[in-house]
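All ligand and atom numbering here is 1-based and tracks the order in the structure. As the structure is a prediction and not an experimental result, all values here were calculated from the model.
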Amino acid sequence: MRRKLLLALLVMLAACLLASGAVHAHDGDYDIKGYYNSNNSLMVPLRDVFSALGCRVSWNGEAVVLVGGGQRVEFAPRNHYYLVNGEARDFEVLPQLFNGRVMVDLSFVEDVSGLQAAKNVDGESAVLDFYSSTDRIYSFKLADANMSELYRYDVGQVKEVPILMYHQVEDISKYVNLGEYRKLFVDPGEFAGQLDWLKENNYSTITMEELFDHWFEGAPVRENPVVLTFDDGYRNMYAKVLPELVKRNMVATFFVCPGSFESERHLSPEMIVEMHEQGMEIGSHSISHRDLRDMSGAQLEEEVFGSKQALEKLTGSEVQFFAYPFGAYNHEVLRMIVQAGYRGAVTVAEGLAHINQGRLVLRRVMIEYDDCLEQFAGKITGAL
Ligand SMILES: [Zn+2]
């Protein structure tokens, strides 16, 4: 009974809104961005959908409140139930926060609105229609990109993530007596094999930014995330690494030093810009690659803050992450990293990165020349 009444009210309200022109799209079509969560439930933005359905959506400091059609619905973050005019009902699928938006699944929308949802997927795009018992009332067009495989998210689950550390991807046969530097190299063929292994085992490469958005902003993250980082900005990053990544639709983070821009062995500014345009993340590795613990004041500021500014000017994007040269830092260095506005920083301490490790001292997993694929796999899963 209540459903019928609610529906009638909603339809009347919608008709009024449409007639008065308060709703922009005259035919009831709206574009919204949705995604599938890890259980294949389609999540849609609460505010967009319920505003279109004629409800008032607000946040009272403690709970999300929906008012419309003669009822008041509210729920607080992390609660497993919502209140409809004071009566508690369990969520079938918990709401999620994505990019600052509250996302709810269709069963919630159906229950609260009394409408039936029908989803029509046509290739890359999809239409979400809401029906009363007789008529199609609203039609939401879901943005194309959001229907692709890439957007199958696993929300708030991943606390531990391998951040792989590479230096040179280069054939070492032309070098003599590399000694301990040998471990800083990875053979290009082996490197390609490692990327293939990641693909075959359903790992998804993400940037540091995506990792932090997931950990600290509640954004969803792709399945089995792994971050690939490359230190020092050697020229083989452009020649040997970039093409292999692009070919596989992968991303990586490159920590570079603006002090090496003129060096033939290192990436030129033009190469860095091109890599960034191809979707790669650029981070700072200081200006000069000297031990930051030996510096203070203006000198340290230049290394930490100046490198950030130089790279931002070059790429036109915010540089959010830092890698300490030699993994070396002290309290003064950490303070400068914070002052300069970095979101996070990575060390060379061995291990998987964890959300509770401290965002300025994240561990990494070093990939070495003599790692075979089993060792590579063992390092990523934390078994080695
Ligand atoms: Zn370095």
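Ion pairing of Lys308 with Glu312 is present here, as a side-chain N (NZ or NE/NH1/NH2) and a carboxylate O approach within less than 4.0 Å.
Between His285 and His289, the two ring planes are perpendicular [angle over 60°; tilted spans 30° to 60°].
At least one N/O/S atom of His285, whether from backbone or side chain, sits less than 2.8 Å from the Zn ion (ligand 1). Here His167 does not reach the Zn ion (ligand 1): none of its N/O/S atoms is less than 2.8 Å from the metal.
Within Asp232, the N/O/S atom positioned nearest the Zn ion (ligand 1) carries the name OD1.
By the neighbour-count criterion of 12 heavy atoms within 6.0 Å, atom NZ of Lys199 is densely surrounded, having more than that number from other residues, nucleotides or ligands.
Taken from CG in Asn177 to CZ in Arg182, the straight-line distance is 11.5 Å, to the nearest 0.5 Å.
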